[in-house]
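Okay, so here's the structure we're looking at.
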Amino acid sequence: MIKITLKDGSTQEYQKGISVKEVAESISAGLARVALAGEVDGKVKDLGYKLENDCTLNLLTFSDEGGRFAYRHTASHVLSQAVKRLFPNVKLAIGPAIDNGFYYDFETEKNFLPEDLAKIEKEMEKIIKEDLTLERFTLPRDEAIKFMEEKGEPYKVELIRDLPEGEVLSFYKQGDSVDLCAGPHLPSTGKLKAIKLMSSAGAYWRGSEKNKMLQRIYGTAFPKRSELDEYITKLEEAKKRDHNKLGRELELFTTVEEIGQGLPLLMPKGAKIIQILQRFVEDEEERRGYLLTKTPMLAKSDLYKLSGHWQHYKDGMFILGDEAKDEEVMALRPMTCPFQFMIYKAKLHSYRDLPIRYGETSTLFRNEASGEMHGLIRVRQFTISEGHLVCTPEQLEDEFKGVVDLIKFMMETLGIQDDVTYRFSKWDPNNKDKYIGKAEDWEDVQDKMRTILDHLKIDYKEVVGEAAFYGPKLDIQSKNVHGKEDTIITVQVDFALAERMDMVYVDKNNDKKHPFVIHRTSIGCYERTLAMLIEKYAGAFPTWLSPVQAKILPLVDKHHDFAYQVAAMLKDRGVRVEVDTRNEKIGYKIREAQLEKIPYMLVIGDKEMESNGVAVRSRKDGDLGTVSVQEFVDKILEEIRTKAK
RNA sequence: GCUACUGUGGCUCAGGGGUAGAGCAGCUCACUCGUAAUGAGCAGGUCGUGAGUUCAAUUCUCACCAGUAGCUCCA
């Protein structure tokens, strides 16, 4: 007998060799029906896995990540089987489950067309109906290589060859299909209920652009048709919030072919929001001891050679001139660091001067590859709330904490603090050429940073290879409506550039020392942050950020004069207001103002003129009744002052 | 940059080898109206750009430009 500890902490005795599925059945038939996999001592296993020793067992359903991944991973195997049946010459690469579905990569002679996806989906349905059992078996490494060579699967062979000698590999067989796979999987293809192929796209083998581009098919799967439908409806709903669509509809920004890719034009309303954010940031930073700088947007190549950008970031820069024939080559700045560092270097600093906090509303230029641009999220010119803090090693932790405190304050004010995740981005020790500085310094500063993050109790995920070329980063990540993640805010600890650019301070003992530098942004770059806000609020910005805060809607001509009087009063108090004097019915004017997502509509007719009032309509609560003009002014000013969400 | 798809008036879209249509928006007129679209009329497009095929191209082919999704890259 063996002892199995279940999720609720209870322990039961079972016959040695009992399967995960049998344990589920012993608990309840209902659980056995929905169980998809089992987590045995922390490792996810098939339902058919036999328990030989005392262990903890957590039965996983679709609501558990492990269960969901097993379910969708099985769907990806069904996808590869269907593709193989229809296109026997394709070569299989990899096919994992991902957050909201699964994919499989194939090498094909010709690319998949949308009609191919429909055919493949049909074949998948057939395989599900066939209810093929997934059988797990293992082979030693050498035999596994031979097996895949005979099957003519070069990508699988390559994957196996990368594993150490003596390794034993697991395979899953379902009907006519066998795939190399660690598992876990569902017991049979019939367990899959609702599947859908979403799209196909190119993807590089092993994620490197140096490799061949394969064909990737994305799909998703749910235990119920209704859940799949719900998911698809949710995706469509999310797309309506897409900043790239909504931002143009709301006249926040536009693009024109003649100006070029990644160069959006901020229209008056979009520019107004950015101005509000920018003033807010600059004032708040001043309160927190930042010193404002204004530095040039371009510099001679000499500066970038000194900072290392020329060696490590040249592809990302707009370079003016040709080194081969021009005496002077300039480049637009991709980052502010070397410029602000020159301000620091303009005089000799004592340890008594530190910390020094420089802030700048800084416009940067990056020559992104043509396929990268996306609305306001990925652009070639952007303006960032940039800053560099120069401090002693002893001050590093406090300064870092101060930065995180400022960032959290910014995010809370915008209402986005719960929509982000934290990423600790480290260097890649296997790719040292990408970075400046010594290996031991990298490890040292990363340890320091991890300690600070732990002290701050930040819930972060460590990722290798995402650091800047000069130091590790704390990245604050946000997902857009398509589920794609971008860095919205970043804090970087830099030990290397200060040394490289010979920044020093004089310490107590009259020795010259290199300071630490924290590179940071408080609110991110304004374009990207605006994009996030558009999607967060679906264009219905909090009143303090709304480009137009109130729209006055006179009923008919004779109310126009009073409407302008009210508008003047509001403007005088700093409220952004418009008057709609078009010859249209009130219902029409309200509809338009509502679609423009204006927080307050003020209807003015005979009654309001007599009582010196306004009939207030809120975009979210509808008709609020008539109040005096003064009362409305007090109410909206309070809302703006408190930056109410 | 790579893969696939897309590009028709300001916007959303229909059409299709014989030089174009709808709705909304715009303008004009009438209506002077109380909380999500009043009616009528008018105007607006060398069908992304360039080249090729053809008697004829917006439609077919190629290149370029721009957009969308994914990959790579990245704030």
Side-chain angles (χ1 to χ4, degrees), chain A residues 103 105 108 111-114 116-117 198-218 239 242 244-245 248-249 251 254-262 313 315-316 334-336 362 364 366-379 382-386 425 466 468 473 475-478 482-490 492 519 521 523-529 531 553-559 582-595 601-608 615-619 622-626:
Chain A
Y103 68 79
D105 286 347
T108 61
N111 295 319
F112 294 121
L113 301 170
D116 292 328
L117 288 199
M198 308 299 287
S199 60
S200 68
Y204 298 108
W205 167 238
R206 304 199 130 184
S208 168
E209 62 183 332
K210 293 187 183 80
N211 293 338
K212 190 175 166 70
M213 181 163 264
L214 307 172
Q215 288 287 301
R216 175 172 297 177
I217 297 179
Y218 284 97
K239 277 183 194 144
D242 187 338
N244 206 4
K245 189 168 154 35
R248 291 169 199 268
E249 279 170 16
E251 295 178 11
T254 188
T255 48
V256 297
E257 277 190 26
E258 293 83 346
I259 290 176
Q261 275 193 301
Y313 206 82
D315 286 348
M335 297 179 195
T336 323
S362 179
L364 305 180
R366 296 189 185 176
N367 192 5
E368 303 288 350
S370 66
E372 313 290 0
M373 261 69 75
H374 173 56
L376 292 178
I377 287 181
R378 226 20 216 290
V379 292
F382 56 94
T383 298
I384 189 165
S385 54
E386 181 79 281
S425 300
E466 291 288 341
K473 308 191 286 177
D475 291 323
I476 297 178
Q477 305 290 106
S478 149
H482 296 105
K484 187 173 170 137
E485 194 178 271
D486 276 295
T487 302
I488 195 113
I489 291 172
T490 182
Q492 302 156 10
H519 304 235
T521 164
I523 207 175
C525 78
Y526 290 97
E527 293 83 354
R528 188 175 279 187
T529 301
L553 312 177
L555 280 177
V556 296
D557 301 0
K558 63 179 169 177
H559 307 124
R582 288 176 308 169
N583 183 14
E584 296 290 351
K585 282 190 168 173
I586 195 67
Y588 180 88
K589 291 184 185 183
I590 284 173
R591 181 183 150 81
E592 294 234 317
Q594 198 76 43
L595 291 174
M601 288 149 265
L602 306 178
V603 176
I604 285 178
D606 288 344
K607 280 185 279 180
E608 287 72 26
V616 181
R617 183 190 163 97
S618 130
R619 75 180 161 205
D623 194 347
L624 299 179
T626 301

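All chains are named by letter (A, B, ...) in the order of the sequence lines, taking the proteins before the strands, and each is independently numbered beginning at 1.
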Review point. Which whole number of Å gives the distance between the P atom of B:A66 and that of B:U49?
Key: 15 Å
Practice item. Among B:A69, B:U32, B:A75, find the nucleotide with the atom closest to the side chain of A:His374. Key: B:A69
Practice item. May I have the step-by-step check of side chain to side chain contact (heavy atoms under 4.5 Å, CB included) for A:Thr521 and A:Thr490, ending in yes or no? Key: CA-CA 6 Å; A:Thr521 164; A:Thr490 182; 4.0 Å; yes
Protein and nucleotides 44-49 of chain B: nitrogen or oxygen contacts under 3.5 angstrom:
none

Check your understanding: Do the non-hydrogen side-chain atoms of A:Met601 and A:Gln594 ever get within less than 4.5 Å of each other?
Key -> yes
Practice item. Just compare B:G34, B:U32, B:A25 and give me whichever is closest to any side-chain atom of A:Tyr588. Key: B:A25
Practice item. Report yes or no: does A:Asp242 contribute a side-chain atom to a donor-acceptor pair with the main-chain N or O of A:Asn244 at less than 3.5 Å? Key: yes
Check your understanding: Can you list the stems that include RNA chain B, where a stem is three or more consecutive Watson-Crick or G-U pairs with distances under 3.5 Å?
Key -> B:1-7 with B:65-71, B:10-13 with B:21-24, B:26-30 with B:38-42, B:48-52 with B:60-64
Practice item. Scan A:Leu595 against the nucleic acid and name what it touches under 4.0 Å (heavy atoms): base, sugar-phosphate only, or nothing. Key: base
Check your understanding: B:A75 phosphate, OP1 or OP2: any side-chain N/O from A:Lys473 under 4.0 angstrom?
Key -> yes
Review point. Separation of A:Gln215 atom CD from B:C2 atom C1', in whole Å?
Key: 11 Å
Check your understanding: Do A:Thr255 and A:Gln261 touch side chain to side chain, with heavy atoms closer than 4.5 Å?
Key -> no
Review point. Checking all strands, does A:Asp606 fall into the base, sugar-phosphate, or nothing category for heavy-atom contacts under 4.0 angstrom?
Key: base
Review point. Do A:Thr487 and A:Arg528 have a side chain donor and acceptor closer than 3.5 Å?
Key: no
Revision key, fill the gap. Taken to the nearest whole Å, CZ/A:Arg528 to P/B:C73 is 15 Å
Exercise for review: For A:Arg617 and B:U35, give me the distance from atom CZ to atom P, rounded to whole Å.
Suggested key: 10 Å
**Study point:** Short side-chain N/O contact from A:Gln261 to OP1 or OP2 of B:G67, under 4.0 Å
**Key:** yes
Practice item. With heavy atoms under 4.0 Å as the rule, sort A:Val256 into base, sugar-phosphate or nothing. Key: nothing
Check your understanding: A:Gly587 or A:Ala468: which one's nearest nucleotide on RNA chain B is closer to the 5' end?
Key -> A:Gly587
Practice item. Between B:G7 and B:A40, how far apart are the P atoms? Round to whole Å, please. Key: 32 Å
Review point. Below 4.0 angstrom from OP1 or OP2 of B:U3, is there any side-chain N or O of A:Asn111?
Key: no
Any N/O pairs under 3.5 Å between the protein and nucleotides 70-72 of chain B? List them or say none.
from: B:G70; atom 1: O3'; to: A:Tyr218; atom 2: OH; distance (Å): 3.1
from: B:G70; atom 1: O2'; to: A:Tyr218; atom 2: OH; distance (Å): 3.2
from: B:G70; atom 1: N2; to: A:Gly202; atom 2: O; distance (Å): 3.4
from: B:C71; atom 1: O4'; to: A:Gly202; atom 2: O; distance (Å): 3.3
from: B:C71; atom 1: O2'; to: A:Tyr204; atom 2: N; distance (Å): 3.0
from: B:U72; atom 1: O2'; to: A:Glu209; atom 2: OE2; distance (Å): 3.4
from: B:U72; atom 1: O2; to: A:Glu372; atom 2: OE2; distance (Å): 3.0
from: B:U72; atom 1: N3; to: A:Glu372; atom 2: OE1; distance (Å): 2.9
from: B:U72; atom 1: N3; to: A:Glu372; atom 2: OE2; distance (Å): 2.7
from: B:U72; atom 1: O4; to: A:Glu372; atom 2: OE1; distance (Å): 2.7

Practice item. Using a 4.0 Å heavy-atom cut-off across all strands, classify A:Ala593 as base, sugar-phosphate, or nothing. Key: nothing
Check your understanding: What's the verdict on side chain to side chain contact (heavy atoms under 4.5 Å, CB included) for A:Lys210 and A:Tyr204, showing C-alpha distance, side-chain angles and the deciding distance?
Key -> CA-CA 8 Å; A:Lys210 293 187 183 80; A:Tyr204 298 108; over 6 Å; no
Check your understanding: Hey, does A:Ile377 reach any base, or is it just sugar-phosphate, or nothing, if we go heavy atoms under 4.0 Å?
Key -> base
**Study point:** Contact check, side chains of A:Lys589 and A:Pro554, non-hydrogen atoms, under 4.5 Å
**Key:** yes
Practice item. Answer with base, sugar-phosphate or nothing: what part of the nucleic acid does A:Leu555 contact at a heavy-atom distance below 4.0 Å? Key: base
Exercise for review: Establish, with yes or no, whether the OP1 or OP2 oxygen of B:G26 is under 4.0 angstrom from a side-chain nitrogen or oxygen of A:Arg582.
Suggested key: yes
Practice item. Could you measure between the two C1' atoms, the one in B:U6 and the one in B:C47, and give it in whole Å? Key: 14 Å
Check your understanding: For the side chain of A:Arg366, counting heavy atoms from C-beta on, which of B:U32, B:U35, B:A75 is nearest?
Key -> B:A75
Point to revise | Integer-rounded Å distance: B:A69 P and A:Met373 CE | key: 13 Å
Review point. Is there a donor and acceptor pair closer than 3.5 Å between the side chain of A:Glu368 and the base of B:G1?
Key: no
Check your understanding: Is there a stack between A:Phe382 and B:A75, judged by ring centres under 5.5 Å and planes under 30°?
Key -> yes
Point to revise | Criterion side chain to side chain contact (heavy atoms under 4.5 Å, CB included) on A:Val603 and A:Glu608, from CA distance to verdict | key: CA-CA 8 Å; A:Val603 176; A:Glu608 287 72 26; 5.5 Å; no
Review point. Which heavy atom of A:Leu214 sits nearest a heavy atom of A:Asp105, and at what distance?
Key: CD1-CB, 4.0 Å
Review point. If you measure from the P atom in B:C33 to the same atom in B:G41, how many Å do you get, rounded?
Key: 25 Å
Review point. With distance as the sole test, does A:Thr383 use its side chain to make a donor-acceptor pair with the main-chain N or O of A:Tyr526 at under 3.5 Å?
Key: no
Point to revise | A:Lys607 side-chain proximity, nearest of B:G34, B:C33, B:U68 | key: B:G34
Check your understanding: On RNA chain B, nearest-nucleotide positions of A:Ile476 versus A:Ser370: which is more 5'?
Key -> A:Ser370
Review point. So, A:Thr336 and A:Glu386: side-chain donor and acceptor under 3.5 Å apart, yes or no?
Key: yes
Review point. Just by distance, do the side chain of A:Glu368 and the backbone of A:Met373 share a donor-acceptor pair under 3.5 Å?
Key: no
Check your understanding: Donor-acceptor pair, A:Ser385 side chain versus A:Gly524 backbone, under 3.5 Å?
Key -> yes
Review point. Rounded to whole angstroms, how far apart are CD on A:Glu258 and C1' on B:G50?
Key: 15 Å
Check your understanding: How many Å lie between CZ on A:Arg248 and C1' on B:U68, as a whole number?
Key -> 11 Å
Review point. Rounding to the closest angstrom, what is the interatomic distance between B:G48 and B:G39 at atom C1'?
Key: 37 Å
Exercise for review: Would you check if A:Ser362 and A:Ile384 make a side-chain contact, meaning some heavy-atom pair closer than 4.5 Å?
Suggested key: yes
Point to revise | Span that lies between the P atom of B:C71 and that of B:C13, in whole angstrom | key: 25 Å
Review point. Between B:G45 and B:U12, how far is it from one C1' atom to the other, in whole Å?
Key: 16 Å
Exercise for review: Identify whether any heavy atom of A:Glu485 sits under 4.0 Å from a base atom; if not, whether one sits that close to sugar-phosphate; answer base, sugar-phosphate or nothing.
Suggested key: nothing
Practice item. Provide, to the nearest angstrom, the distance between the CD1 atom belonging to A:Ile590 and the P atom belonging to B:U38. Key: 11 Å
Point to revise | No-H, no-angle donor-acceptor pair, A:Gln594 side chain to B:A37 base, under 3.5 Å | key: no
**Study point:** Exercise: identify the closest heavy-atom pair between A:Ile377 and A:Ala531
**Key:** CG1-CB, 3.7 Å
Point to revise | B:U59 and B:U19, which share atom name P, separated by this distance in whole Å | key: 14 Å
Practice item. Provide, to the nearest angstrom, the distance between the CG atom belonging to A:Asp557 and the P atom belonging to B:G34. Key: 14 Å
